Amino acid sequence: MGRLLLMLVSLTFYTAAVAALLFLIGWVGAFDFMPLTVDKGREGPLATALLVNVGLIALFGVQHTVMARPTFKEAWTKVIPAPVERSFYLLATVLVLGALFHYWHPIEGTIWSIQNEAARTAIWAVFWLGWAILLLSTFLLNHFELFGLQQAWHNLTGKNASPPQMRTPLFYKLVRHPLYTGFFLGLWATPDMTYSHAFMAAGFTIYIVIGIAYEERDLLDVFGQEYAEYRKRVGAFLPGIGKVP
Ligand SMILES: C[S@@+](CC[C@H](N)C(=O)[O-])C[C@H]1O[C@@H](n2cnc3c(N)ncnc32)[C@H](O)[C@@H]1O
């Protein structure tokens, strides 16, 4: 029963995470049908908007950076069962994203607004390509492990947790962080760039660049020389750029 309950917890948090990801795409894309977007939300003076928005992005950054560290996981799994540790990480992500959507203060003003229809279509294509790369990258690594289902399933079926494996399929042969490359494309590719959108995209870009240093330090600890060689050979976000000799 306990194992089944953990599986149900994992499935529930997985569903919430997928819903939050879909909402994030609509929120960033600022589509008309969305109730809240990066350009539609609370009103307030500019100083309040800047302070609140920086706080929201920092909250996302701190949650992701702290909860992904092995030392945190070690302490955290003394409180919650190990098979749902990743699921609780996702739950925290959903809550932080919920706060972002709910409390974001749009900033007035437009930086660019492309009028040419063909150019708009091309930019939207890049937007969707970015999110597709992000999603596909989760499957290239191990979607069900990244989203916590595999751990609970192994626990339910009595299978031992498999040791972490370094993976470099497809996009990972070209760049070390294709998921983040996809995220950058999704964040920045818009035909209507408002100050609000640019502020949000810049905030997440800064967080990712900082977060990568921690992620790669952990990857070096886990995969050692294999990852060090990979960093020498393969660029970070764009092919050939950002190799670490
Ligand atoms: C959100 S994913 C992002 C992966 C990668 N930074 C990217 O942008 O494609 C983060 C998880 O992927 C794992 N990871 C990153 N690169 C990996 C690789 N080449 N093989 C296996 N796991 C990897 C990290 O340990 C971390 O748990």
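Remember, it's 1-based here, ligands and their atoms both numbered in the order they're listed. Nothing fancy with the numbering, it's 1 onward along the sequence. Bear in mind that the values here come from a model prediction, so they are computed numbers and not experimental data.
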Which pairs would a plain distance check flag for residues 56-64, meaning a side-chain donor or acceptor within less than 3.5 Å of a matching protein atom at least two apart in sequence or in another chain?
residue	atom	partner	partner atom	Å
Gln63	NE2	Tyr89	O	3.4
Gln63	NE2	Thr93	OG1	3.2
His64	ND1	Phe60	O	3.2

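Taking Arg42 as the reference, nothing meets the salt bridge (charged side-chain N to carboxylate O under 4.0 Å, His left out) condition, with sequence neighbours excluded.
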What does the contact table look like for ligand 1 (nitrogen or oxygen on each side, cut-off under 3.5 Å)?
residue	atom	partner	partner atom	Å
ligand 1	6 (N)	His177	ND1	2.7
ligand 1	6 (N)	Glu215	OE2	2.6
ligand 1	8 (O)	His177	O	3.4
ligand 1	8 (O)	Leu179	N	3.3
ligand 1	8 (O)	Tyr180	N	3.1
ligand 1	9 (O)	Tyr172	OH	2.5
ligand 1	9 (O)	Pro178	N	3.4
ligand 1	9 (O)	Leu179	N	3.0
ligand 1	19 (N)	Arg167	O	2.8
ligand 1	20 (N)	Arg167	N	2.8
ligand 1	20 (N)	Arg167	O	3.4

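Contacts classified as salt bridge (charged side-chain N to carboxylate O under 4.0 Å, His left out) and involving residues 59-85 (residues at least two apart or in different chains) are given here: Arg69-Asp218.
Of the possible polar contacts, one joining the Arg176 side chain to the Gly242 backbone as a donor-acceptor pair under 3.5 Å is found.
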Walk me through whether Ile212 and Phe237 qualify under side-chain contact (heavy atoms from CB on, under 4.5 Å).
CA-CA 11 Å; Ile212 286 238; Phe237 305 113; 3.6 Å; yes
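In this structure, a donor-acceptor pair under 3.5 Å is present between the side chains of Trp104 and Ser196.
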